[in-house]
Undergrad: 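This structure is in structure tokens; I'll ask about it shortly.
Each chain gets a letter, A, B and so on, in the order the sequences are listed, and its residues count up from 1.
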2 protein chains.
Amino acid sequence: MSLPHALLTSLAERPGSGSELASRFDRSIGYFWQATHQQIYRELARLEASGWVSSAAVEGARGRKRRYDILPAGLQELARWTGETLDPPAIRDELMVRLRAQGVLEPTALDDRLADMLRHHRQKLEAYQAMERRDFAIAPTRRHQRLQHLVLQAGMDFERQRIAFCEEALAVLGAPD
Amino acid sequence: MSLPHALLTSLAERPGSGSELASRFDRSIGYFWQATHQQIYRELARLEASGWVSSAAVEGARGRKRRYDILPAGLQELARWTGETLDPPAIRDELMVRLRAQGVLEPTALDDRLADMLRHHRQKLEAYQAMERRDFAIAPTRRHQRLQHLVLQAGMDFERQRIAFCEEALAVLGAPD
DNA sequence: TCCACCATGTAATGCGTTACATGATTGA
DNA sequence: TCAATCATGTAACGCATTACATGGTGGA
């Protein structure tokens, strides 16, 4: 249940509207927590009902745009949650299930799917590397920046590991039994 | 929506009852796909309604134990699914959200939580390493075994990466801003 | 004027989670 | 015989997902 706190974090970094938050979830924050615009609007309404954010109509904007700001109570809640007990990550890796299934089956098109995955992860890695060149050309010294860099590096490590894994899996599937 | 197929895979490897499947989800399969016994029983009923598995009461067993077997239609469905389009993994990493939140907050107890995580991942890595020593003392040559080994190695890589990450994050949080 | 698009929202469905319940067997 | 435990469920709820809907603005 981290979506409300991911939104609070994003609003603490910078106020914004629902659609702006949605686009942030397609970029930076979305790399480790995804949300659709439907989820975001519903959750923003709850955050406001809880007194953690305030909102105001944006004049001169397209549609019924509203700007959300985090309130002191929201910052307090965010700090409380950040230090709260943290559950280990819940892994749900469909690729592993399929590899295990392949082990009890005649050959399927799984190697094509692995090739797709390989392309996907290589593209993501390239995108992260471009971000790093752009935002962290010089190693940051402030804690805030160092944390963001660390998280980006974790994303790159994940993609690299995934690429190596797909390559090895393809080799195993291609080898004679 | 991989739970039905994870169950089919497990039943294809070896028939078993709901409770046996539940205990497999606490061990081998559970390392990349988790499920509670409630989910498993509900899903087994659906698999049987779809004609993918059959079940029969186990005589002389405790309680109302039923043994489930995969049917030819179930194997066919498993093969279809294994070659089907595969979505990239959905990442939802609460730790990353908290680190990003910490970036806009005064210090919290997050470093204690990181220390907890570190212990957790070190224990999981040790457990995996014990499994590897026990099951893969000699490198397997059959595809089926090589795939299982590969998946186990992926689990170990994940834990190692996680350990390194927590250590670096603790270093960043401990350093002066 | 009218179409495309932006911004926000509603509705339906399904999986996952948690709490609780029932029947049957073993062992003290 | 009775408590503990095994095996199988039921029920309620919430988040995530998908499809669809509404209102307002800008540009052709």
Undergrad: Using a cut-off of strictly less than 4.0 Å between a heavy atom of the residue and any atom of DNA chain C, enumerate the qualifying residues of residues 27-56 of chain A by number.
TA: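 Those residues whose heavy atoms fall under 4.0 Å from DNA chain C, taken from residues 27-56 of chain A in numerical order, are A:H37, A:Q38, A:Y41.
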
Undergrad: With no hydrogens and no angle check, just 3.5 Å: does a side-chain donor-acceptor pair link B:T9 and A:R100?
TA: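 No, A:R100 and B:T9 have no side-chain donor paired with an acceptor closer than 3.5 Å.
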
Undergrad: Which of parallel (below 30°), tilted (30 to 60°) and perpendicular (above 60°) describes A:W52 and A:H5?
TA: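 Geometry flag for A:H5 against A:W52: tilted rings.
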
Undergrad: Please set out all donor-acceptor pairs under 3.5 angstrom arising from side-chain atoms of residues 145-161 of chain A, sequence neighbours excluded.
TA:
residue: A:H149; atom: NE2; partner: A:E132; partner atom: OE2; Å: 2.9
residue: A:E159; atom: OE1; partner: A:H121; partner atom: ND1; Å: 2.6

Undergrad: Can you pull the contact range of chain B along DNA chain D, 5' to 3', using atoms under 4.0 angstrom from its heavy atoms?
TA: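 Counting from the 5' end, contacts occupy D:dT5 to D:dT17.
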
Undergrad: Any residue in residues 5-21 of chain B with a heavy atom nearer than 4.0 angstrom to DNA chain D? Just list them by number, or reply none.
TA: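 Correct list: B:S17, B:G18, B:S19.
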
Undergrad: Taking NZ, NE, NH1 and NH2 as the nitrogens, is one of them in B:R122 or B:E126 under 4.0 Å from a carboxylate oxygen of the other?
TA: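 No salt bridge links B:R122 with B:E126.
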
Undergrad: Counting N and O atoms only, with roles assigned by atom type, does the side chain of B:R113 sit under 3.5 Å from a partner on the main chain of A:G83, one being a donor and the other an acceptor?
TA: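 Yes, B:R113 side chain to A:G83 backbone: donor-acceptor pair under 3.5 Å.
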
Undergrad: Within the distance-only criterion (no hydrogens, no angle test), does the side chain of A:R143 pair as donor or acceptor with the backbone N or O of B:Q102 below 3.5 angstrom?
TA: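 Not at all, since once roles are kept as given, no pair shorter than 3.5 Å links the two residues.
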
Undergrad: Would you give the length of the straight line joining atom CG of A:L21 to atom CD1 of A:I29, rounded to the nearest 0.5 angstrom?
TA: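 Answer for the CG-CD1 pair, A:L21 versus A:I29, is 8.0 Å.
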
Undergrad: Test B:R66 against every option in B:S55, B:S17, B:S54, B:S19 by the side chain to side chain donor-acceptor pair (under 3.5 Å) rule and name the one that passes.
TA: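 In the set B:S55, B:S17, B:S54, B:S19, the residue that makes a side chain to side chain donor-acceptor pair (under 3.5 Å) with B:R66 is B:S55.
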
Undergrad: Indicate yes or no for a side-chain donor-acceptor contact from B:R92 to the backbone of A:Q34 under 3.5 Å, with no hydrogens or angles considered.
TA: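 Yes; judged by distance alone, with no hydrogens or angles, the pair exists.
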
Undergrad: Got a salt bridge between A:E20 and A:R67, using NZ or NE/NH1/NH2 to carboxylate O under 4.0 Å?
TA: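 A salt bridge is absent here (no side-chain N lies under 4.0 Å from a carboxylate O).
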
Undergrad: If I take atom NZ in residue A:K65 and atom P in nucleotide C:dT8, what distance separates them, rounded to the nearest angstrom?
TA: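 It is 7 Å, rounded to the nearest whole Å.
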
Undergrad: A:D87: which residues meet the side chain to side chain contact (heavy atoms under 4.5 Å, CB included) condition with it, sequence neighbours left out?
TA: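 For A:D87, no residue satisfies side chain to side chain contact (heavy atoms under 4.5 Å, CB included) once neighbours in sequence are set aside.
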
Undergrad: Is it the case that A:S2 and B:E94 place a side-chain donor and acceptor less than 3.5 Å from each other?
TA: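 Present: a donor and an acceptor within the cut-off.
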
Undergrad: Which of residues 83-98 of chain A have a heavy atom under 4.0 Å from DNA chain D?
TA: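 Within this stretch, nothing sits under 4.0 Å of the strand.
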
